[in-house]
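Proteins get letters first, then strands, A, B, ... in listed order; numbering begins at 1 in each. Just so we're clear, the structure is a prediction, and the values are computed from it rather than from any experiment.
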There are 2 protein chains.
Amino acid sequence: MCVHASLRPRIPVWNADIVTTPPPGLRERKKKATREALREAALRLAMERGPDQVRVEDIAEAAGVSPRTYNNYFASREQAIVSAVTADREARIAAAVAARPAGARLADVVTEAVVEQYTNTGEREHAALLLIITRTALRDAFLDATAGIEHPLAAVIAECLDDAGTYTARVLAAGVAAAVRIALEGWLQPAGNEGAAGSFGGGGLVVPSGSLPDQLRAALAPLSPAFDAAERRTRP
Amino acid sequence: MCVHASLRPRIPVWNADIVTTPPPGLRERKKKATREALREAALRLAMERGPDQVRVEDIAEAAGVSPRTYNNYFASREQAIVSAVTADREARIAAAVAARPAGARLADVVTEAVVEQYTNTGEREHAALLLIITRTALRDAFLDATAGIEHPLAAVIAECLDDAGTYTARVLAAGVAAAVRIALEGWLQPAGNEGAAGSFGGGGLVVPSGSLPDQLRAALAPLSPAFDAAERRTRP
DNA sequence: ACGCAAACTTGCGTGCACGCACATTTCCTG
DNA sequence: CAGGAAATGTGCGTGCACGCAAGTTTGCGT
């Protein structure tokens, strides 16, 4: 009946990783569990009965909390549904960048990390995506979720660049987030756009429409010189 | 009683600029007027009685439209208030870039255009800013509004670069928008932030806290190499 | 000048986001 | 281990965002 049943055994849930991180505490584990329960409930219900047939009340009930509590975790229904797909991608990208092979070009490392995390998509996530693109609100929330990479990525880039005082790392990370969003926009669009880019130049046919990895690489490529320059600044 | 009173004389409102642009049409002028009336009403009321004492109903009434119509123009109350300050900045920045002196470095032109448009702020806008920063919701809406530069800027950059098929212009424009947002974030913060950037490196004291132009230049600087590379691609 | 088609406005209804105040739980310290 | 400080969950109330289905205005072709 209660979502938190799985963490009831108080005694030895975590055996060996206390040494690395200070004990997470009951509170934080509960919070994490509640958040995940809400995510899963939102996505499951949306896939079962269609996105428009799911009310906040249903999600909260399925997760075993009050509707008001649901709202303490997610600012919108779309955010809850989408986060079931996008959660942790940020952390995994940041981790992949942090674990780079010492001498590698930062631009390449970031690009590969992004491509990797957006390519290795499970069956469940793929099905969820098909659902997401059917509703504009969900599509927008999905695209907005890319902004979530910004902060963790800025942290690791700042470390790589040994740069903790300037805007460089933050701007580069934000640029990556924006590029990913643009690549996804292009990928999700079949055709039929009008004045997107060419406002008064010749005709502006945009959107090459290739595979997702290609789109991501193409969108990230223009940022490479900025990464190279930043890296050069660190080790001349 | 009606906001559109100023355009009542149907006969000769526009004398000499028909040659340059196709006649705007009554419809579009009315729309523009309504939007502007809503903006002004929102800001004026917010400054008169404080941001929290203004309801959508009040704004709509002051602009002479129904509350439902207000909602066809702005998706949130914050957006309406903030847009009174940020409106047209996008267009002016884009215009300034489009009118660049033939051989100038694109990165410099964009930087100067941005700095110029964020520096020459009138007395009224300054007062509005003081109001905006007092409410988190307004502050966020103000920062989000920087994303509005993206599309017009992408258009002019694409023209400068003679590039209408790739993501380059769009990514650069989005990078600029993100950098401006970050600069504004840093400028609006006095101090007191915690783990913004240095997640596990040493202590991460960020935010140099200088003047706005300095912040903008500092945030845009890391993107210059990307602009240079893109320009080099166009004219080798 | 007429009239149709498309765009815009508006009233209504529904579900939602969120502030506030209070009950409950977790954490920490003596 | 007691007890208080701090964080979290919850009910309630308010204003809001937005879909829908008329009613109204604008634009355009004939």
Under-4.0 Å side-chain N/O to phosphate OP1/OP2 contact, T69(A) with dT10(D):
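Looking at the OP1 and OP2 atoms of dT10(D), one of them is under 4.0 Å from a side-chain N or O of T69(A).
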Phosphate oxygens OP1/OP2 of dT26(D): is one of them under 4.0 Å from a side-chain N or O of K30(B)?
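Yes.
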Comparing R27(A) and E78(A) on DNA chain C - which has the more 5′ nearest nucleotide:
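In this pair, the answer is E78(A).
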Exercise: do E57(A) and Y70(A) side chains pair donor with acceptor under 3.5 Å
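No, no side-chain donor-acceptor contact under 3.5 Å.
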Will you find, in the side chains of T69(A) and N72(A), an N or O donor that is under 3.5 Å from an N or O acceptor?
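On atom types as modelled, these side chains do not qualify, holding no pair under 3.5 Å.
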Between atom [atom1] in [X] and atom [atom2] in [N], what is the gap in whole Å?
X: D52(B); N: dG19(C); atom1: CG; atom2: P; result: 10 Å
X: E61(B); N: dT10(C); atom1: CD; atom2: C1'; result: 15 Å
X: D140(A); N: dC18(D); atom1: CG; atom2: C1'; result: 14 Å
X: Y70(B); N: dG15(D); atom1: OH; atom2: P; result: 15 Å

Classify F74(A) by what it touches in the nucleic acid, base, sugar-phosphate, or nothing, heavy-atom distance under 4.0 Å.
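Since no nucleic acid heavy atom lies under 4.0 Å of F74(A), the category is nothing.
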Determine the contact category for Y73(A): base if any of its heavy atoms lies under 4.0 Å from a base atom, sugar-phosphate if only primed atoms, P, OP1 or OP2 are that close, otherwise nothing.
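Here Y73(A) touches the backbone only, sparing every base.
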If you assign E57(B) and P67(A) each to the DNA chain D nucleotide with the nearest heavy atom, which residue ends up on the more 5' nucleotide?
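Whichever sits nearer the 5' end wins; that is P67(A).
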If you find the nucleotide of DNA chain D closest to E28(B) and the one closest to N72(A), which residue's nucleotide is nearer the 5' end?
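Between the two, 5'-proximity favours N72(A).
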Evaluate the side chain to side chain donor-acceptor pair (under 3.5 Å) criterion for residues Q117(B) and R92(B): first the C-alpha distance (whole Å), next the side-chain angles of each, then the deciding distance (0.1 Å), finally the verdict.
CA-CA 7 Å; Q117(B) 293 304 323; R92(B) 282 180 306 183; 3.2 Å; yes
Let's test your reading of the model: under 3.5 Å, does the base of dG19(D) pair with the side chain of R68(B) as donor and acceptor?
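Looking at the base of dG19(D), it does pair with a donor or acceptor on the side chain of R68(B) (distance under 3.5 Å).
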Looking at OG1 of T121(A) and CZ of R89(A), how far apart are the two atoms once the value is rounded to the nearest 0.5 Å?
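If we round to the nearest 0.5 Å, T121(A):OG1 and R89(A):CZ are 7.0 Å apart.
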